[in-house]
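Remarks on the structure that follows.
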Amino acid sequence: MAMTTDVHLRELRYFATVAEELHFTRAAQRLYVSQPALSKQIRALERQLGVELFRRTPRGTALTEAGAALLPHARRVLADWDGGAAAVAEARAAQRGTLVVGMSTSPGRGGLLPAIRSRFTAAEPEASVRLRQASWDDPTAGLADGTADVAFVWLPLPGAGDYDWTVVAEEPRLVALADTHPLAARAEIDFADLAAEPFLALPRTAGPLRDHWLALDARGGAEPVIGAEVASTEETYEALVAGLGVVLVAAGNVPLISLGGVSARPVRGLGPSRYALAWRREHARRPLVRAYAEACRLATDGR
């Protein structure tokens, strides 16, 4: 078999084209080479293989038995190579592409986004990142409908089996309330003292996330009182100032709503909230998704 080790793709392509045309001049035109150069390459291939691949007859060019035996294998090699080249081109295009990062509120949290971006850019210098603001109606921040490739989300996610994630922060759930609220005088509040209060709730479409921020897990089956539904930071602040209810908020998001007239207090008897970077499980092998997830892990570990 040693004699065939130096056969090049170009020679196989020349051979396959002559075999299709059965005419050296037409094949040369298709290949953009001169007819003498093509004939020379085919003779060199025949010498390497030790057989004649074509025979010239009064009616033109014909494949020999050896040529006919080689043709399907040559086509397979060329098709495999074309497939490989296409896969490389696709991977290269993916690395040069744009990654859309969804979020419903800016992560903040000690410069997390710039720290991830610098690591991501070092790994994927040709790629660009686009941030996409999602409404609170969509707890997946664009993953569910495909408008985001990765997203900063709060756990639990609806349809959790469809997603993978890396936890960015685990933070206590505090309660935000108007400064005029009777409980605002306390330095720390038991959840039992909050349970009967009207709560601000996420839209129903937020599913398990709505339940999490209403602390259903700490209510022992009792239904919460809903004072108002809120779908943005601004609506939450306005509803708090208007005294429509209290709301649970992650420690990292307290600065977003503790503006004039609103305070946040620690709550005893509640588990923490978990903030994560998530992506669709079926997209886990996409180069840019993997690179951003890895950059996120490095940035989180490095803080």
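Just so we're clear, the structure is a prediction, and the values are computed from it rather than from any experiment. Note that the numbering runs from 1 along the sequence shown for the chain.
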Applied to residues 52-68, the side chain to side chain donor-acceptor pair (under 3.5 Å) test, sequence neighbours excluded, yields none
The ring pair (Phe, Tyr, Trp, His ring centres under 6.0 Å) partners of F120 (sequence neighbours excluded) come to Y292
Sequence neighbours excluded, the answer for side chain to side chain contact (heavy atoms under 4.5 Å, CB included) partners of P172 is L174, A251
The side chain to side chain contact (heavy atoms under 4.5 Å, CB included) partners of P158 (sequence neighbours excluded) come to P139, T140, P208
Here the side chain to side chain donor-acceptor pair (under 3.5 Å) pairs for residues 225-247, sequence neighbours left out, are R210-E229, S232-E234
H8 meets the side-chain hydrogen bond (donor to acceptor under 3.5 Å, both in side chains) criterion, sequence neighbours left out, with none
**Message:** Please determine whether a side-chain nitrogen of the Lys or Arg among E294 and R297 lies less than 4.0 Å from a carboxylate oxygen of the Asp or Glu.
**Reply:** yes
Those residues at least two apart in sequence (or on a different chain) that pass side chain to side chain contact (heavy atoms under 4.5 Å, CB included) with A122 are none
Residues 203-229 vs ring pair (Phe, Tyr, Trp, His ring centres under 6.0 Å), sequence neighbours excluded, gives W154-W213
The side chain to side chain contact (heavy atoms under 4.5 Å, CB included) partners of P272 (sequence neighbours excluded) come to E170
So the side chain to side chain donor-acceptor pair (under 3.5 Å) pairs with at least one residue in residues 195-207 (sequence neighbours excluded) are H181-E197
Sequence neighbours excluded, the answer for salt bridge (Lys or Arg N to Asp or Glu O under 4.0 Å) partners of D162 is none
With sequence neighbours left out, the residues meeting salt bridge (Lys or Arg N to Asp or Glu O under 4.0 Å) with R26 are E21
**Prompt:** Would you call R13-D82 a salt bridge at under 4.0 Å N-O?
**Reply:** yes
